[in-house]
Amino acid sequence: MRKQWTRRASLSASLKIGDHRGHCRTPEEEESYIPFAQDSLVRQWNSMQNMADGKQEKSQIPIQRNKYLLNINVGGKLFQIAYKVLARYPVTRLGKLAVYTDPVKKLQLCDDYLVQKNEYFFDRDPSIFHYIFHFYRSGVLWVMDEMCPSNFVEEIEYWGIHLKYSQRCCRILLEEKRDELSEYLKIEKELEAELEPLESGTQFDGKFLGQFRKMVWNLIENPYSSVPAKIIAVMSSFFVLISIVGMTLSTVEEMKNKTGKMWMEQMEMICAIFFTSEYLMRLISSSSFKNFLRAAFNAIDLVAILPFYIQILFENLDDGDMQYHEELHKVENVSKLGKVLKLIKLMRIFRILKLARHSTGLRAFSFTMRQCYQQVCCLLLFIAMGVFTFSALIHSVEHDVPGTDFTSIPCAWWWAAVSLSTVGYGDTVPDTILGRMVAFVCISFGIILNGMPISILYNKFSDYYAKLKAHEMSQSLQLSRRIRLKERVLRKFSECWRADPRYYR
């Protein structure tokens with residue numbers, strides 16, 4: 001009686017997975033069976049096998065040739081498809097394999113061909129080929145959610161099947177997953193570029209004073225390269241804070257006396273000398289002067305030190321005579337020079353942006369704003385629309401009230417902006433019932449508007465901050481390990497010296 005073979009559940013009744021001898025394997029066959037995923041253990045497919053092995057295999061396995069079925073071996077799994085089914089799609093790879101009569105052209109379509117078994121071998125993923133096989137049987141290409149969209153698209157392009165054969169719902173989901181994946185990879189690439197320094201140490205090889213410039217570059221740009229580099233990074237942040245505190249105290253009345261001014265000027269001079277030295281070290285260690293000028297952080301460093309030197313220049317000009325000022329600046333009053341000097345002093349506030357170089361939170365915030373600029377611009381557009389709309393409404397219902405502050409639409413802009421932001425200073429309020437109703441609608445719209453982008457910005461900011469912090473912790477851990485290694489080496493040396501008898505002589 002013929003032995004009944006058990007079959008695995010498949011997508012179609014004619015789908016045969018595995019070899020054509022069935023799925024009931026002996027223990028010896030189970031030991032020799034290797035899954036497709038273990039690529040490093042799969043024996044290389046070779047059609048030019050040993051003739052002795054071929055004779056033995058020929059005596060054990062009869063040659064099965066069917067002129068109606070095409071034997072396809074995909075990654076070690078056998079599939080049989082009718083020629084007439086494949087001929088319905090002649091532009092696909094398998095359709096060409098079924099239509100072509102030239103053996104040379106057929107061999108160009110597959111990876112290998114086994115003459116004894118009449119099988120065309122393809123070194124592709126058999127799990128995705130199940131869906132390809134189902135497409136030839138049903139004419140519909142199904143897409144599953146658990147599959148990688150890039151891998152699936154790559155496979156169907158290899159088999160020559162267009163995505164238009166899939167259902168519209170599957171095609172929409174696949175396109176959405178591909179867009180999400182591409183956006184994720186783009187953000188990851190930009191985040192890696194944010195984590196990496198602008199230049200690497202290998203760029204100094206073969207250049208003038210390459211080793212010295214590389215040492216200075218690691219000292220300034222890479223705070224996790226050594227302990228002195230970390231100390232310089234901490235000192236940079238410390239001097240920024242000292243400079244901001246000094247600028248703040250210089251506006252206090254009690255500090256405007258002669259002694260206070262002297263201390264503030266000395267503090268400003270020390271901070272300016274440190275910032276100048278830091279900027280010159282970065283300039284010297286830069287491998288490309290053009291890239292150095294284009295960097296945003298370097299521009300911030302330049303703005304941080306320019307006010308000090310411009311202030312010194314203007315003060316020296318102020319000591320000259322009035323005629324010199326009139327010829328040089330063509331002004332009638334030296335007081336205008338004082339206004340310019342105050343504006344230049346105010347530029348020192350930009351020194352606080354130097355903290356972004358060593359602050360993970362500020363870098364994450366800056367990166368979030370760059371990635372979410374479309375949402376931020378859309379929010380600003382909605383706010384502008386709300387300000388113009390509600391200022392016009394409040395003016396139309398309040399302009400007839402005696403003593404009202406809404407005398408014109410531009411005068412109502414401030415009230416609309418304050419109400420949309422839900423701050424509500426109370427300096428300008430409507431008096432009529434209609435005006436209060438407009439104010440209620442304006443405040444409600446502002447609450448809804450402000451709550452829309454908060455979740456998007458917060459989620460992205462927390463994600464970027466976690467990744468930047470993880471990278472910073474890994475760099476810090478490597479530095480701490482190097483420090484502990486030095487401590488252990490020194491401790492071992494001290495123990496060896498103490499163990500030496502000559503140490504006590």
Exercise. Would you call the rings of Phe133 and Phe129 parallel, tilted or perpendicular, where under 30° means parallel and over 60° means perpendicular?
Worked result: tilted

For this session: Check whether any side-chain N or O of Ser243 sits under 3.5 Å from a backbone N or O of Val240 as a donor-acceptor pair, and report yes or no.
Result: no

Closest non-hydrogen contact found for Cys110 with Phe122 is CA-CE2, 3.5 Å

Q | Any side-chain heavy-atom pair of Lys230 and Met235 under 4.5 Å | A | no

Note to self: Please evaluate residues Arg171 and Val143 with respect to the criterion side chain to side chain contact (heavy atoms under 4.5 Å, CB included), reporting the C-alpha separation (whole Å), side-chain torsions for both, the decisive distance (0.1 Å), and the verdict.
What the structure shows: CA-CA 8 Å; Arg171 189 163 58 250; Val143 183; over 6 Å; no

One should read off an interatomic distance between Ile456 CD1 and Gln371 CD, to the nearest 0.5 angstrom, of 13.5 Å

Exercise. Side chains of Ile72 and Gln80: does their closest heavy-atom pair fall under 4.5 Å?
Worked result: no

*Are side-chain heavy atoms of Val376 and Met369 found at a separation under 4.5 Å?*
yes

Smallest heavy-atom separation, Leu219 atom then Pro228 atom, equals CD1-CB, 3.8 Å

*Can you find a pair of side-chain heavy atoms, one from Asn151 and one from Asp125, that are under 4.5 Å apart?*
yes

Exercise for the section: Determine yes or no for a side-chain-to-main-chain donor-acceptor pair under 3.5 angstrom, with Thr368 supplying the side chain and Ala364 the backbone. Expected result: yes

Between the side chain of Ser419 and the main-chain N/O of Ala416, is any donor-acceptor distance below 3.5 Å? no

Here the gap from Tyr373 atom OH to Cys378 atom SG, rounded to the nearest 0.5 Å, amounts to 12.5 Å

- Task: Give the C-alpha distance, both sets of side-chain angles, the deciding distance and a yes or no for side chain to side chain contact (heavy atoms under 4.5 Å, CB included) between Leu86 and Leu97.
- Result: CA-CA 8 Å; Leu86 298 175; Leu97 193 64; over 6 Å; no

Note: Arg213 and Ile284 closest approach over all heavy atoms is NE-O, 3.3 Å

Query - Backbone N/O of Tyr158 and side chain of Arg93: donor-acceptor pair under 3.5 Å - result: yes

Side chain proximity check, Phe367 to Arg363, heavy atoms < 4.5 angstrom
no

- Query: Under 3.5 Å, side chain of Ser286 to main-chain N/O of Leu283, donor-acceptor pair present?
  - Reply: no

To the nearest 0.5 Å, atom SG of Cys271 lies from atom CD1 of Ile242 at 6.5 Å

Note: Tyr136 and Gly95 closest approach over all heavy atoms is OH-N, 4.2 Å

Item checked: Over 12 non-hydrogen atoms of neighbours within 6.0 angstrom of CZ in Phe365 -> no

Inspect the surroundings of CZ in Phe445 and state if more than 12 heavy atoms from other residues, nucleotides or ligands are less than 6.0 Å away. yes

Verdict with supporting geometry, Val140 and Tyr131, side chain to side chain contact (heavy atoms under 4.5 Å, CB included): CA-CA 9 Å; Val140 179; Tyr131 304 95; over 6 Å; no

Are a donor atom and an acceptor atom from the side chains of Ser182 and Arg178 found within less than 3.5 Å of each other? no

CG of Leu141 to CD1 of Ile161, rounded to nearest 0.5 Å, is 6.0 Å

Q | Expected output: side-chain Ser462 to main-chain Tyr458 donor-acceptor under 3.5 Å | A | yes

- Item | Backbone N/O of Phe292 and side chain of Asn298: donor-acceptor pair under 3.5 Å | yes

Interatomic distance, CD@Gln374 vs CG@Leu379, rounded to 0.5 Å, equals 13.5 Å

Could Lys106 and Tyr100 be counted as a cation-pi pair, given that NZ or CZ must be under 6.0 Å from the ring centre and within 45° of the axis? no

Side-chain heavy-atom pair Lys96, Pro90 within 4.5 angstrom cut-off:
no

message: A quick test of your reading: do over 12 heavy atoms of other residues, nucleotides or ligands sit less than 6.0 Å from OH of Tyr309?
response: yes

- Message: Treating Asn450 as the side-chain partner and Leu420 as the backbone partner, does any N or O pair qualify as donor plus acceptor under 3.5 Å?
- Response: yes

(request) Give me the ring orientation class for Phe239 and Phe275: parallel if the planes are under 30° apart, tilted from 30 to 60°, perpendicular past 60°. (result) perpendicular

Could you check if a side-chain atom of Phe135 sits within less than 4.5 angstrom of a side-chain atom of Trp142, using non-hydrogen atoms only? no

- request: Report yes or no: does Asp301 contribute a side-chain atom to a donor-acceptor pair with the main-chain N or O of Tyr279 at less than 3.5 Å?
  value: no

What one should report as the nearest heavy-atom pair of Ser391 and Trp413 is OG-CD1, 3.3 Å

Exercise. Are side-chain heavy atoms of Glu180 and Glu175 found at a separation under 4.5 Å?
Worked result: no

Heavy-atom closest pair (Thr422 atom, Gly446 atom, distance to 0.1 Å) is CG2-C, 4.3 Å

| request: Return yes if some donor-acceptor pair links the side-chain N/O of Ser277 with the main-chain N/O of Ile273 below 3.5 Å, else return no. | output: yes

* To do: Please work out which of the three classes, parallel, tilted or perpendicular, describes the rings of Tyr89 and Tyr165, given edges at 30° and 60°.
  => perpendicular

Ala82 meets the side-chain contact (heavy atoms from CB on, under 4.5 Å) criterion, sequence neighbours left out, with Leu69, Lys84, Val85

Item to complete: In sequence, state the C-alpha distance, the side-chain angles, and the governing distance for Tyr113 and Phe121, and then conclude on side chain to side chain contact (heavy atoms under 4.5 Å, CB included).
Response: CA-CA 6 Å; Tyr113 175 69; Phe121 177 74; over 6 Å; no

dist Leu114:CG -> Asn73:CG (nearest 0.5 Å) comes out at 8.5 Å

